[in-house]
Amino acid sequence: MENIYLYHDDFPHLINLVIYLIKNKIKPFDIKPLGYKPNLFDNLINLNLTFNENIGKQLIKIIGYENFRTIHYVYLSVAVNKELIIYYYLLNYAKYKENLNKMFNLRCVSEALRLSKRVGGEAHRWKGFVRFKELQNKVLYAEINPDNNILSLVSHHFKNRLPQEYWIIKDVKRNLLSVYNQKDFYIIAGEALNLVKGTSLNENWIENLWIEFYKTVSIKERKNEKCRMNFMPKKYWHYITEVKDEL
Amino acid sequence: MNLQEKLKILADSAKYDASCSSSGSNRQSSFGNAHMSGICHSFSSDGRCISLLKILLTNCCIFDCKYCLNRKSNNIPRAIFTPEEICAITINFYKRNYIEGLFLSSGIIKNPNYTMDLIIQTVELLRNKYHFGGYIHAKVIPGADESLLKKLGSLVDRLSANIELPTENGLKLLAPNKKSVNINKVMKYVKDNRSKNFVPAGQSTQMIIGATKETDLDIMLKSETMYRNYNLKRVFYSAYVPVNTDSNLPTISIPPLKRENRLYQTDWLLRYYGFKVTDILDHENPNLNILVDPKASWALKNLQTFPKEIMTCSYYELLKVPGIGVTSAKRIMKSRQYFKLSFKDLKRMGVVLKRAQYFITCNGKFNLREEYINKGFIESNLVWEELEKSNSITNNKQLSLF
């Protein structure tokens with residue numbers, strides 16, 4: 001039988017489980033979130049571990065912030081084997097310590113660095129591409145459609161940037177809302193909140209002002225669609241006010 | 001004139017300024033902040049990044065620079081923003097995350113001091129009344145008083161004054177009202193007073209490429225001098241786009257974009273790769289090779305100094321290998337202390353092996369048969385690869401064959 005260990009689907013619970021497995025020298029066949037649909041030979045194991053609230057902080061103390069961020073970003077990625085990459089990354093930390101992130105000849109290291117770079121890159125792109133609309137009740141609302149689960153990363157950014165606004169960002173793909181109340185943001189299920197329909201009075205006028213600006217700044221003698229597509233691929237366009245109509 | 005028409009005129013006349021960066025500052029306020037690495041918010045159909053609301057305060061100008069759309073002798077619609085209008089647009093765009101901040105330039109109205117004062121009023125309003133913490137890049141009007149420069153610098157993240165043309169002769173020919181002494185004075189003042197409260201993101205400048213006869217050597221030597229003397233963050237190169245006709249202007253219809261691209265690549269080599277202009281260009285070859293990028297072109301010229309052994313060569317030797325950048329060079333330096341690198345590892349570390357393989361050995365071995373390591377073979381492969389990248393050859397040529 002192939003032992004698959006289950007975890008309650010969030011990052012602290014995952015590292016809680018991974019650390020337990022490493023300490024007890026258990027080699028998992030795979031690690032999956034609760035709700036995973038098993039195959040014929042899968043043997044699902046739920047250890048029901050006692051959860052250590054401070055596991056994140058303790059881990060940072062041991063492996064350092066940079067390694068912690070790497071595995072956190074891997075967790076946010078869409079890679080199917082992300083849990084195993086994190087398991088082997090931490091397993092190898094015991095051997096290589098602070099030199100681990102230089103060991104590009106280890107698959108788990110080069111994969112972890114590749115994935116975390118990708119997640120960080122996507123989060124960075126969305127920090128620019130998020131387009132808020134002002135709703136009737138003055139709440140700013142935006143929709144995004146990221147490949148990786150970067151809603152929390154983007155939310156952190158806007159918490160610092162627009163601390164005195166109320167805003168909501170929706171991850172359309174995962175049906176999640178990030179709701180900010182001038183103090184902190186909370187990530188909740190899409191159905192948990194009824195959004196106000198309709199935008200504020202000025203909204204259309206300002207959108208048009210922006211679209212006009214966008215069209216004006218392009219230099220026609222330098223037209224370069226390929227270059228634009230490189231930096232701003234079509235998959236984002238539906239969510240970007242100024243190019244939506246070009247689709 | 002309504003706000004939309006004004007914005008159209010004043011964005012249209014500001015768009016030829018190439019600077020778009022929003023990096024280098026970490027301001028934080030109750031409304032907005034600056035992101036250390038900068039953020040691109042959109043890309044226009046010419047492929048250029050849009051991160052700032054790039055506008056002129058006014059396109060009225062007392063100068064008559066031949067290449068400029070806003071020259072006094074041009075018969076075009078003129079407009080002027082009030083400081084409150086600029087604030088309203090900036091705040092509303094920023095709140096919706098359209099932009100990272102404001103880029104405010106201006107034609108010269110009445111005199112330099114009067115113009116500078118209007119710019120200061122606007123920025124002051126944004127910072128003090130609206131508590132705006134986003135990125136602000138303002139143009140300095142050369143010839144304005146030092147006290148105004150001091151004030152403006154304490155409010156913005158970045159300042160710039162455009163040198164426009166690399167030589168004094170070029171300026172005399174095309175921008176007779178501009179004096180390079182005034183621009184140099186501004187740059188020196190900013191350099192001497194820069195701190196985290198005065199122009200934290202540093203200063204930049206711009207040169208127009210292809211409007212005058214200067215060679216790439218002239219241009220890059222000028223850049224090198226300015227980087228050295230004034231600690232500039234960036235020099236921007238802007239391919240000349242013909243907007244006016246004048247006997248002193250060249251008659252071209254397509255801006256020299258490839259040349260601009262090669263100049264930017266050379267600029268990068270100066271700032272991050274330890275190259276000097278004279279490594280790449282000299283009086284016999286004063287212009288860059290359009291077919292191959294400047295680093296590969298340099299490596300081909302100096303083929304006798306290659307191959308470099310990955311496991312033992314120095315950091316600066318690594319940096320000079322085509323296909324190896326700053327990140328991968330640093331990774332190689334760290335990793336090779338712990339294990340023997342293979343070509344596969346190099347690929348995982350971000351080395352572009354397709355380019356690098358002609359110039360390196362890994363544990364004494366080449367990645368390809370040694371008879372391929374000759375100048376003609378390497379050059380034709382590198383040229384082909386560039387053409388493929390710019391797509392023209394593979395798509396168009398093949399189509400035209402059938």
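FYI, side chains are in, hydrogens and waters are out, and symmetry mates aren't considered; it's all heavy atoms of this structure. So that the names make sense, note that chain A is the first sequence line, chain B the second, and so on, each numbered from 1.
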Please state whether the side chain, the backbone, both or neither of [X] comes within less than 4.5 Å of a heavy atom of chain B.
X	result
Ile219(A)	both
Trp167(A)	neither
Gln164(A)	both
Glu221(A)	both
Glu212(A)	side chain

Between [X] and chain A, which part of the residue has a heavy atom less than 4.5 Å away: side chain, backbone, both or neither?
X	value
Ser37(B)	side chain
Glu260(B)	side chain
Arg348(B)	both
Ala239(B)	both

Is it the case that the ring center of [Y] lies less than 6.0 angstrom away from the ring center of [X]?
X	Y	value
His72(A)	Phe11(A)	yes
Phe132(A)	Tyr98(B)	no
Phe103(B)	His137(B)	yes

Who wins among [options] for the most heavy-atom pairs under 4.5 Å with chain B?
options	result
His157(A), Lys215(A), Lys220(A), Arg125(A)	His157(A)
Arg222(A), Arg161(A), Glu242(A), Glu165(A)	Arg161(A)
Phe213(A), Phe129(A), Tyr96(A)	Phe213(A)

Quick check on the interface: out of [options], who has the most heavy-atom pairs with chain A under 4.5 Å?
options	value
Leu341(B), Leu53(B), Ile254(B)	Leu53(B)
Ser42(B), Cys40(B), Ser335(B)	Ser42(B)
Lys95(B), Gln4(B), Lys340(B), His35(B)	Lys95(B)

What pairs with Lys133(A) under salt bridge (charged side-chain N to carboxylate O under 4.0 Å, His left out), at least two apart in sequence or on another chain? Glu207(A)
Partners of Glu122(A) by salt bridge (charged side-chain N to carboxylate O under 4.0 Å, His left out), sequence neighbours excluded? none
On the 0 to 90° scale, with breaks at 30° and 60°, tag the Tyr94(B)-Phe132(B) ring pair as parallel, tilted or perpendicular. perpendicular
Aromatic ring pairing Phe93(B)/Trp210(A), orientation class (parallel under 30°, perpendicular over 60°, tilted between): perpendicular
Taking atom types as modelled, find out whether Ser44(B) and Ser218(A) have a side-chain donor-acceptor pair closer than 3.5 angstrom. no
Who in residues 227-237 of chain A is close to chain B, using a strict under-4.5 Å heavy-atom cut-off? Cys227(A), Arg228(A), Phe231(A), Met232(A)
Is it true that Arg48(B) and Asp46(B) make a salt bridge, defined as a side-chain N closer than 4.0 Å to a carboxylate O? yes
Can you find a pair of side-chain heavy atoms, one from Ser116(A) and one from Arg69(A), that are under 4.5 Å apart? no
Suppose we screen for side-chain hydrogen bond (donor to acceptor under 3.5 Å, both in side chains). Which residues come up paired with Ser238(B), at least two apart in sequence or across chains? none
What distance separates Ile86(A) CD1 from Leu14(A) CG, expressed to the nearest 0.5 Å? 5.0 Å
Reported OH-to-CG distance for the pair Tyr166(A) and Leu135(A), which is rounded to 0.5 angstrom: 14.0 Å
